[in-house]
**Q** 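Pasting in a structure now, in structure tokens, and then I'll have a few things to ask.
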Amino acid sequence: MSAPAVRVCFVCLGNICRSPTAEGVMRHLLARARLSDRVHVESAGTGGWHVGEPADRRSVAHAKRRGVVLDRRAQQLTANYFARFDLLVVADAQNLANVRRLAPSDAERAKVRLLRSFEPGAALGAEVPDPYTGGPDGFEEVLDICERACDGLLAHLRTTYSL
Ligand code: 4NP
């Protein structure tokens with residue numbers, strides 16, 4: 001076992017759909033790459049309505065079909081996450097603005113990145129759409145996006161942290 005080289009927190013609004021999905025997909029990719037002990041992964045929400053709850057059962061069910069396990073409980077982002085994490089990876093432009101506003105310094109503000117900025121070929125500013133009020137296709141789309149973007153994020157971490 002070696003200590004984590006890098007600490008990543010995925011962030012969305014409620015921490016029950018998009019960021020837990022990204023967290024689960026990233027853990028899955030890290031396990032496959034035998035890098036689970038090198039990268040610490042969590043997720044959090046900018047809002048606190050769902051703190052302590054498991055991920056949305058629709059997110060859990062769709063992820064399970066791909067072998068991705070969502071088993072964490074929702075937590076709310078606070079300013080001290082900037083000290084605990086190297087990267088805060090957000091789902092959409094609203095999260096980006098909210099998380100950047102919480103940053104204690106310019107250096108810590110630079111830790112905030114859109115998830116899809118790691119997705120090869122995604123448009124500048126592309127977002128992970130919120131599936132909460134929609135149908136099953138939205139949850140599949142979130143998984144498709146998270147798989148592509150987390151793959152790109154893993155490549156970025158391998159290069160940046162020599163994993
Ligand atoms: P998430 O989706 O940000 O992807 O977890 C949402 C979940 C719950 C709510 C909003 C978005 N909500 O308003 O309760």
Side-chain angles (χ1 to χ4, degrees), residues 6-31 39-103 108-154 156-157:
V6 55
R7 302 173 67 88
V8 178
C9 186
F10 295 99
V11 182
C12 62
L13 179 59
N15 193 213
I16 55 170
C17 298
R18 292 166 296 173
S19 60
T21 299
E23 178 185 5
V25 167
M26 192 67 185
R27 284 183 197 282
H28 187 76
L29 295 179
L30 288 166
V39 184
H40 178 84
V41 183
E42 291 184 29
S43 66
T46 58
W49 313 283
H50 298 284
V51 167
E53 293 177 17
D56 186 290
R57 60 185 167 69
R58 297 164 296 174
S59 296
V60 173
H62 284 270
K64 190 174 173 192
R65 288 201 228 137
R66 302 190 190 201
V68 172
V69 178
L70 311 188
D71 60 359
R72 301 301 167 116
R73 285 179 181 265
Q75 40 186 12
Q76 184 173 19
L77 189 80
T78 59
N80 64 27
Y81 277 62
F82 285 91
R84 292 182 49 220
F85 291 92
D86 300 293
L87 273 180
L88 297 163
V89 181
V90 303
D92 64 26
Q94 187 195 347
N95 308 146
L96 186 68
N98 288 335
V99 178
R100 285 172 63 91
R101 200 176 305 122
L102 268 183
E108 299 196 290
R109 196 165 300 121
K111 295 179 174 183
V112 189
R113 302 277 304 268
L114 274 170
L115 175 57
R116 297 194 74 181
S117 69
F118 297 103
E119 178 185 335
L124 195 68
E127 303 179 305
V128 187
D130 188 346
Y132 190 63
T133 53
D137 289 355
F139 290 86
E140 286 298 309
E141 185 186 12
V142 168
L143 276 157
D144 289 339
I145 292 170
C146 286
E147 286 179 350
R148 295 193 299 267
C150 287
D151 211 38
L153 173 58
L154 179 55
H156 167 78
L157 297 180

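Ligands are counted one by one from 1 in listed order, and the atoms in each one are counted from 1 as well. We use all heavy atoms of the structure for the numbers below, so side chains are in, but hydrogens, waters and symmetry mates are not.
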**Q** Just one of Glu23, Gln75, Arg18 clears the side chain to side chain donor-acceptor pair (under 3.5 Å) bar with Ser43, so which one?
**A** Glu23

**Q** Kindly give the heavy-atom pair with the smallest separation between Val142 and Pro131, and that separation in Å.
**A** CG2-CG, 3.9 Å

**Q** Can you name the side-chain contact (heavy atoms from CB on, under 4.5 Å) partners of Leu114, sequence neighbours left out?
**A** Val90, Leu96, Ser117

**Q** Write out the protein residues near ligand 1, meaning a non-hydrogen atom under 4.0 Å from one of its atoms, in order of chain and number.
**A** Cys12, Leu13, Gly14, Asn15, Ile16, Cys17, Arg18, His50, Asp130, Tyr132

**Q** Answer yes or no: is there a donor N or O on one side and an acceptor on the other, between the side chain of Arg7 and the main chain of Arg84, under 3.5 Å?
**A** yes

**Q** Which residues satisfy the salt bridge (charged side-chain N to carboxylate O under 4.0 Å, His left out) test with Arg109, sequence neighbours excluded?
**A** Asp106

**Q** Going by side-chain contact (heavy atoms from CB on, under 4.5 Å), name the residues that satisfy it together with Asn98, two or more places apart in sequence or in a different chain.
**A** Thr46, Gln94, Arg101

